[in-house]
Amino acid sequence: NCEVLSTNKGPGTRVNMPEKEIPGDPQYYIKGVLERNRRILAKTITLIESSHPSHQDLARSILDALLPNTGKAVRLGVTGVPGVGKSTFVESLGMMLVKKGHRLAVLAVDPSSRRSGGSIMADKMRMEKLSVEENAFIRPSPSGATLGGVARKTREAMLVCEAAGFDIIIVETVGVGQSETEVSSMVDFFLVLMLAGAGDGIQGIKKGVLELADAVAINKADNDNIEKAKKARNEYEAALHFLTPSTPTWTPPVVTCSAIEMTGINDIWNIVLDHRDKMIKSGELEINRKKQSVNWMWALVEEGLKEILYSNSDVKRLLSKITRDVETGIKAPTVAAGELLFFLTRRVRSIRNKK
């Protein structure tokens, strides 16, 4: 029930598939996704992750056609410190949601090796129970060099899953420590999982993380760890007390839970629903999603500009020389950057004048 068709080769973890493996008719994908064909859904996400120019053109036409069928799902981001039990938590939450009659898609991002670009893609193995559920779809993707522990095409994959009728999308990220802004900029609710007894007093001062959190959950609150979890909850509550909420509509709560014993999981889901209800009533959900769409557009523009920069032969030659000058101390980085930007500006003006 869990189709995983992506490949992972080389630094940057971009997918390049042979042309013959990709049907060229966008209707093949559009129809398959809307009809909830799991295999075509997986193929569509694989196509989106491909960096081949023809695949990208095809992917854009597919996404454009699917867009009217998106936007209705609950988008939940889950992150946390290493070893906090994110996958176990997501599986426990997912099993509960499936039993409630929901259709759940989990976009689980595996950490990639910076040296080889490889990733273990082990979330399907970790979520053994959830992966065999008919109404659950788990899609592991390599994080590559993307900040925030999210894959390069996580946003697009989310839209495809929504078009396929999944009413809850969970993005499980690599973990806290890179750029949580990337995670929170694509979901409606951002849940941060923390551990008890792991330097909670210091952890609680991680202002950047707490400012983004819509809720903090102290996981593994079971057995002899219950009292430590309660103490950690109090410390995080105190830390949050000194922060200004991102919205007057919502104050992030701190709760304890045990993914293994399934305690507190339903309470966390009720918190997500309560948050969603308040955001809808205040109109903030719609406003936030509009902002996210615009931010996504600019992220794609910046990404495209970088690709143009590095693919231009003249820029490559200049970049090679300037890089050597910076490395040897002949030029300051600020001067080198200014020269590159001046060169690009001159090239753009030259192209404009020719037209």
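For the salt bridge (Lys or Arg N to Asp or Glu O under 4.0 Å) test, no residue two or more places apart in sequence or in another chain qualifies with D167. Residues forming a side-chain contact (heavy atoms from CB on, under 4.5 Å) with L344 (at least two apart in sequence, or on another chain): L309, V315. E339 is linked by a side chain to side chain donor-acceptor pair (under 3.5 Å) to K331, counting only residues two or more places apart in sequence or in another chain. Taking K99 as the reference, nothing meets the salt bridge (Lys or Arg N to Asp or Glu O under 4.0 Å) condition, with sequence neighbours excluded. Partners of D57 by side-chain contact (heavy atoms from CB on, under 4.5 Å), not counting sequence neighbours, listed by chain and number: R60. Under the salt bridge (Lys or Arg N to Asp or Glu O under 4.0 Å) criterion, R233 pairs with no residue at all, not counting sequence neighbours. Considering only residues two or more places apart in sequence or on other chains, S282 meets the side chain to side chain donor-acceptor pair (under 3.5 Å) condition with E284. Remark: K31 pairs with E35 by the side-chain contact (heavy atoms from CB on, under 4.5 Å) rule, at least two apart or across chains. Shown here are the side-chain contact (heavy atoms from CB on, under 4.5 Å) partners of E227, two or more places apart in sequence or in another chain: K230.
A salt bridge links E286 with K290: at least one charged nitrogen is closer than 4.0 Å to a carboxylate oxygen. The pair R139-E49 counts as a salt bridge, with a side-chain nitrogen and a carboxylate oxygen less than 4.0 angstrom apart.
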Without placing hydrogens or testing angles, list every side-chain donor-acceptor pair under 3.5 Å for residues 251-259, not counting sequence neighbours.
| residue | atom | partner | partner atom | Å |
| --- | --- | --- | --- | --- |
| S258 | OG | D222 | OD2 | 2.7 |
| S258 | OG | E261 | N | 3.1 |

In a table with atom names and distances, give each donor-acceptor pair under 3.5 Å that connects a side chain of residues 291-299 to protein atoms at least two apart or in another chain.
| residue | atom | partner | partner atom | Å |
| --- | --- | --- | --- | --- |
| Q292 | NE2 | V187 | O | 3.0 |
| S293 | OG | R289 | O | 3.1 |
| N295 | ND2 | K291 | O | 3.3 |

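Residues M96 and F189 are members of one and the same hydrophobic cluster, defined by side-chain heavy-atom contacts under 4.5 angstrom among Ile, Leu, Val, Met, Phe, Trp and Tyr. L340 and I330 are not part of a single hydrophobic cluster, where members link through side-chain heavy atoms under 4.5 Å apart. Tracing side-chain contacts under 4.5 Å through hydrophobic residues (I, L, V, M, F, W, Y), one reaches W269 starting from M262; they form part of the same cluster. Hydrophobic clustering keeps I260 apart from M127 (ILVMFWY residues linked when any side-chain heavy atoms are closer than 4.5 Å, directly or through intermediates). Under a hydrophobic clustering in which Ile, Leu, Val, Met, Phe, Trp and Tyr are joined whenever their side-chain heavy atoms come within less than 4.5 Å, directly or via other members, I287 and M186 fall into different clusters.
For the pair M279/T247, a side-chain contact is recorded, criterion being any heavy-atom separation below 4.5 Å from C-beta on. Looking at R324 and K321, their side chains come closer than 4.5 Å, going by heavy atoms from C-beta outward. By the 4.5 Å heavy-atom criterion applied to side chains, T323 and E327 are counted as neighbours. Taking 4.5 Å as the limit, every side-chain heavy atom of L66 sits out of range of all side-chain heavy atoms of Y29. Side chains of T154 and V171 form a contact here, defined as non-hydrogen atoms less than 4.5 Å apart. Between T79 and L193, every side-chain heavy-atom pair lies at or beyond the 4.5 Å cut-off. Between F137 and L104 the shortest side-chain heavy-atom distance does not fall below 4.5 Å.
Across all non-hydrogen atoms, the minimal contact from D188 to D214 is O-OD2, 3.8 Å. Heavy-atom minimum distance, G24 versus L58: O-CD1, 3.6 Å. Nearest heavy atoms, V326 versus A336: CG2-CB, 3.5 Å. The two residues A217 and I268 come nearest to each other via the heavy atoms CB-CD1, 3.8 Å. Nearest heavy atoms, I40 versus N37: N-OD1, 3.0 Å. V33 and L41 get closest at one heavy-atom pair: CG2-CA, 4.3 Å.
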(request) Give the C-alpha distance, both sets of side-chain angles, the deciding distance and a yes or no for side chain to side chain donor-acceptor pair (under 3.5 Å) between S50 and H52. (result) CA-CA 6 Å; S50 171; H52 193 287; 5.8 Å; no

(request) Apply the test side-chain contact (heavy atoms from CB on, under 4.5 Å) to residues E162 and K72: give CA-CA distance (whole Å), side-chain angles for both, the deciding distance (0.1 Å), then the verdict. (result) CA-CA 7 Å; E162 287 184 349; K72 297 178 182 178; over 6 Å; no

(request) Would you check, one step at a time, whether the test side-chain contact (heavy atoms from CB on, under 4.5 Å) holds for F343 with D314? (result) CA-CA 10 Å; F343 177 80; D314 293 333; 3.7 Å; yes

(request) Take I170 and I168, measure what side-chain contact (heavy atoms from CB on, under 4.5 Å) needs, and give me the verdict at the end. (result) CA-CA 7 Å; I170 297 179; I168 300 172; 4.2 Å; yes

(request) Just do the side-chain contact (heavy atoms from CB on, under 4.5 Å) check on F89 and L191 with the steps written out, would you? (result) CA-CA 11 Å; F89 174 85; L191 176 66; 3.5 Å; yes

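Checking side-chain atoms of D25 against main-chain N and O of Q27 turns up a donor-acceptor pair under 3.5 Å. A donor-acceptor pair under 3.5 Å is absent between the side-chain atoms of N135 and the main chain of V98, judged by distance alone. In this structure, R103 contributes its side chain and A164 its backbone to a donor-acceptor pair below 3.5 Å. Judged by distance alone, the side chain of S320 and the main-chain N or O of K316 form no donor-acceptor pair under 3.5 Å. Remark: the backbone N or O of S246 is not paired with any side-chain donor or acceptor of E211 at under 3.5 angstrom. Counting only distance, with no hydrogens or angles, the side chain of E172 and the backbone of V78 share no donor-acceptor pair below 3.5 Å.
Atom OG1 of T249 sits about 11.5 Å away from atom CG of L285, to the nearest 0.5 Å. Atom CG of D267 sits about 9.0 Å away from atom CD1 of I265, to the nearest 0.5 Å. Rounded to the nearest 0.5 angstrom, F166 CZ and H102 NE2 are separated by 14.0 Å. Put simply, CG on N219 and OG1 on T88 are 8.0 Å apart, with the number rounded to the nearest 0.5 Å. Note: I138 CD1 to L130 CG = 4.0 Å, rounded to the nearest 0.5 Å. Once rounded to the nearest 0.5 Å, the distance linking SG of C161 with CD of E156 reads 12.0 Å.
Pairs of residues two or more places apart, or lying in two chains, that qualify as ring pair (Phe, Tyr, Trp, His ring centres under 6.0 Å) and include a residue from residues 244-268 are W250-H275.
Few gaps surround CG on L300; more than 12 heavy atoms of other groups in view lie less than 6.0 Å from it.
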